[in-house]
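What follows is a set of notes on a single structure, which appears directly below.
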Amino acid sequence: MLPDANSSNTPVSSGLKVAALVSVGQHPKSGRPRRADQDARAVEMGIRLCGEHLSLVHAGPEGKGDIREQALRQYLGMGIKGLTILHQQEGSDALPALASHFKDQGADIILAGMRAESGEASGMLPYLLADRLGWPIVSSVADIISINENDAEILQALPRGQRRKLRVSVPFVATVDQAAQIPRQIAFGPSQRGHLKGQESIDEIDQVKSDWEETPARKRPKRLNIKKAKSAADRFKAATAKPQGEGGKIMKDESSQEKAQAILDLLVSEGIVK
Amino acid sequence: MSDVIRRDPRAERIARNRLHPLHQSLVGAATEQRGPTGLLRKDPRAGYFMGPNGLRRIDRSGASHPGAATRVQRGTGGGVSTEPTLPLHQVENPDNFIVCVLDMVGGRLTSHDKDVLGQAHILAKSSAQTTAVTAVVFGDHREEALDKAGVDRLIHFENSDANHYQGYCPEQKLAALQSVESQLAPGHWLFPDSIHGGADLGCRLAARIGERPANHAWQVDSENTICRGGSDRIDIKRQTPRILLLAEECAMPIDETRHEVLALDVEHLVTPDQHIQDLGAVDVDPSQIPLAEAEFILSAGNGVKDWDQFHDVASTLGATEGASRVAVDDGFMPRFRQVGATGIWVTARVYVAVGISGAIQHLQGIGQCEKVVAINTDPGCDMVKRADLTVIGKSQDILAELLRLYKERQSGVSDDSATLSDKTESDESVEDQNKEARRVA
Ligand SMILES: Cc1cc2nc3c(=O)[nH]c(=O)nc-3n(C[C@H](O)[C@H](O)[C@H](O)COP(=O)(O)OP(=O)(O)OC[C@H]3O[C@@H](n4cnc5c(N)ncnc54)[C@H](O)[C@@H]3O)c2cc1C
């Protein structure tokens, strides 16, 4: 079923229990429900770790046969047989349900996206869950390099495509973002055959949230580069100043070596070449 | 310390004597001079600049002001500072604190940090209590302008044997913030909602002390906060909570006052349990870095004739490869390497354009690059106008030379050659800085 699940170089750890938290995403432009991109990346990472033993957990309304269910089934279409749904009403807090689920069931690694695609999307859930369980949490994980019973070596994504290696003790929570492997395609057949296991769970209405006002996003004003001037002379100068930095240094008649040296010097002074 | 302006007879003598060797340096294009009666006299013909429509304009800003040299303020240690001193904003015996935990990328304030401090002052102003804006900085830093960015109080967690804040140590930092929480009980906690660690730390603190934060907040006052929701599709208006993770450009940075930057001592009360260990940075293959994120791009256009050489240079220098549309259309480069309006908008710090003419569609894509270097045979092309450094010549020759010089440099051969002898020292200092920056980051 999963031909390439075990072929990646991450060591397979059959004894480890890996779980991925999945949510219903939405398309950024049309708003249509779909698998959330970051969650799908988390599922992809989980599949690479332990194949189809990966357990998927979702907390939310039951919604039989509706468009949300179709979105959740997309995760099953990645090659997983079942998905656990902790039943809740719309607008409930997912944290207590998930925390009690993992306290009962246990897990070694919980994978999640950094940020949901709809609603508040605060990205707090993995942190709160980790805090409830007393586990460490690592954010923006790009890859899990190796793993054993005690600890795992993790590649963390940094800005500008850089990577950092971390060692973290098992069990832990990891969140993934755009830097992780892109998720595999969805196969329609398995997604429909897969099993959605409903489960009763704690249902606490999120009281604070119900006081909030939600509006479609307004366009944020761009910051203009206004020069504050104290005196008339300053204002005059700002109004008449020529745009700065027109053209840089031009080297024409020097030898190739001098030209290349100038480029190299620039690279060195910018800290690109060490 | 007196602010009395005193005459400097020697300087005046030199200023009168046009044949004196120091005359130029004192007078130059002096626009203002003390007349014989001690009055300030302006010479309207001396200091002017050309206005936009070709008319002479008197420079009234006083920026070119060498006449100042003859009047020395004694007691201030000589030189007169040209920068105006901003008024000092003082907070005495504050009974409330707004704590900003700064990113300090490379040991310096980022523009995001400054916005956060600006927001902190907006909140401080509308608070009924005397509020001090307090910055938390971890480890070594190299920022000198903390006062101008609006830091009233500074909590500096310095590296010590017991506590190290280098690399990735969120647990350690969280423990430090918890100590701050228990000792100061700040009115607000502000974090930059950034990928440089601000968002991560803010979420950790919020989870630990059980406060519900406002994430991606972009409009904040003392009452209400507007946050951006998922996929940037909704705005959420809510009461302003204690912990705020602020988006970029949430408020204007401070620019009209100076602040005290008084150190606040906070004891470590919490010892963290260390589960996460930093094993250091990993070398990344530059060709794997997404073009939009890459820091250093070597980009090829129609003027590249020797493609093997180009790829060789890119891999040797550790550059991510980019291309103009023509190079892509001709099949020399894959489509995902195209830079420009219909390709990828890049943000590189250094962008080297080899044989690219600089069509507007291409220039749009490199609008955010800091330093652009052009290698081109045509001195009149548009890329030259955009570039900070242009070398005119055949790309093959210059790339070959660059490759040779780089290899020499790496193997250390050129260190004692004549052309480089004065370079090495500055190189070293740059290198030291870089090392430091990496350590701090
Ligand atoms: C709708 C539209 C969208 C477009 N979008 C993009 C886009 O996203 N990105 C993009 O790049 N273009 C785009 N273009 C194309 C763009 O207008 C230009 O045609 C293209 O950028 C030119 O590429 P170039 O500079 O490599 O080639 P040229 O314009 O041919 O320039 C080659 C340069 O190399 C120099 N040269 C020649 N020989 C040598 C040598 N031996 N050594 C050094 N220099 C040499 C020449 O002096 C010249 O300056 C778009 C065009 C259209 C109409």
Side-chain angles (χ1 to χ4, degrees), chain A residues 26 28 31 115-124 127-128 131 136 138-139 155-156 159-169 208 212-218 220 223 233-234 237 240 247-252 256-257 259-274, chain B residues 51-52 60-61 168 195-196 200 203-204 206-208 212-213 215 218 228-238 249 275-282 284 289-290 293-296 317 349-350 371 373 379 384-385 387-393 397-398 401-402 405-406 419 427 430-431 434:
Chain A
Q26 71 175 341
R115 210 188 151 180
E117 288 182 356
S118 54
E120 187 191 359
S122 66
M124 278 301 291
Y127 288 92
L128 290 167
D131 204 63
V138 187
S139 59
L155 220 47
Q156 188 186 37
R160 292 228 176 263
Q162 300 301 306
R163 297 281 183 272
R164 172 159 60 197
K165 210 190 220 178
L166 301 175
R167 180 177 296 137
V168 58
S169 62
V208 183
W212 296 351
E213 234 174 84
E214 281 184 18
T215 46
R218 246 190 305 153
R220 281 186 65 185
R223 180 179 288 176
D234 288 344
K237 224 180 168 189
T240 56
K249 190 177 160 202
I250 299 180
M251 299 179 80
K252 213 169 187 174
S256 304
Q257 188 190 345
K259 290 172 184 165
Q261 186 64 52
I263 297 177
L264 193 59
D265 289 347
L266 184 131
L267 295 184
V268 169
S269 69
E270 286 295 316
I272 299 285
V273 167
K274 271 133 210 164
Chain B
R60 294 180 202 273
S61 67
Y168 188 64
I195 45 176
H196 298 287
D200 184 44
C203 289
R204 278 174 201 270
R208 182 57 54 86
R212 188 159 188 163
N215 299 42
W218 62 275
R228 188 69 19 128
S231 314
D232 291 345
R233 285 172 61 90
I234 54 167
D235 275 338
I236 301 170
K237 192 172 169 195
R238 53 193 283 191
E249 302 196 354
H275 293 287
I276 303 170
Q277 194 188 343
D278 189 350
L279 301 180
V282 179
V284 188
I289 300 175
E293 275 182 45
E295 193 167 25
F296 172 33
L317 291 183
R349 244 169 7 94
V350 178
K371 282 260 156 46
V373 180
V384 175
K385 292 183 192 134
D388 300 278
L389 171 67
T390 306
V391 299
I392 305 297
D397 303 348
I398 290 170
E401 202 60 43
L402 183 61
L405 284 175
Y406 177 77
T419 50
D427 288 359
V430 168
E431 240 177 84
N434 289 329

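What you see below is based on every heavy atom in this structure, not just the backbone, and it leaves out hydrogens, waters and symmetry mates.
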Is it the backbone or the side chain of [X] that comes under 4.5 Å from a heavy atom of chain A, or both, or neither?
X: B/Val282; answer: both
X: B/Ile289; answer: side chain
X: B/Asn215; answer: side chain

Within this structure, what is the [atom1]-[atom2] distance for the pair [X] and [Y], rounded to the nearest 0.5 Å?
X: A/Arg220; Y: B/Asp232; atom1: CZ; atom2: CG; answer: 9.5 Å
X: A/Glu214; Y: B/Ile236; atom1: CD; atom2: CD1; answer: 5.0 Å
X: A/Ile263; Y: B/Leu405; atom1: CD1; atom2: CG; answer: 10.0 Å
X: B/Leu389; Y: A/Met251; atom1: CG; atom2: CE; answer: 7.0 Å
X: B/Cys203; Y: A/Arg115; atom1: SG; atom2: CZ; answer: 10.5 Å
X: A/Ser256; Y: B/Glu401; atom1: OG; atom2: CD; answer: 6.0 Å

Can you name the nearest heavy-atom pair linking [X] to [Y], along with the distance?
X: B/Glu293; Y: A/Pro159; result: OE1-C, 4.3 Å
X: A/Ser139; Y: B/Tyr168; result: OG-OH, 3.7 Å
X: A/Ser169; Y: B/His275; result: OG-ND1, 3.0 Å
X: B/Gly229; Y: A/Ala121; result: C-CB, 4.2 Å
X: A/Glu120; Y: B/Pro213; result: OE2-O, 4.0 Å

Options A/Leu166, A/Ile250, A/Val168, A/Leu266, ranked by heavy-atom pairs under 4.5 Å with chain B, top entry: A/Leu166
Top of A/Gln162, A/Glu213, A/Lys165, A/Arg160 for chain B proximity - count of heavy-atom pairs under 4.5 angstrom: A/Arg160
Validation row: [X], [Y] side chains within 4.5 angstrom (heavy atoms):
X: A/Val208; Y: B/Arg212; answer: yes
X: B/Trp218; Y: A/Arg218; answer: yes
X: A/Leu267; Y: B/Tyr406; answer: no
X: B/Asp278; Y: A/Arg164; answer: yes

Proximal component of A/Thr215, with respect to chain B [non-hydrogen, under 4.5 Å]: both
Region of A/Leu128 that comes under 4.5 Å of a non-hydrogen atom in chain B: both
Carboxylate-amine/guanidinium proximity below 4.0 Å for B/Arg208 and A/Asp131: yes
Among [options], which residue forms the greatest number of heavy-atom pairs with chain A at distances under 4.5 Å?
options: B/His196, B/Arg349, B/Glu295, B/Arg238; answer: B/Arg238
options: B/Lys371, B/Lys237, B/Arg233; answer: B/Arg233
options: B/Ile398, B/Asp200, B/Val350, B/Leu317; answer: B/Asp200
options: B/Gly393, B/Ala206, B/Gly230; answer: B/Gly230

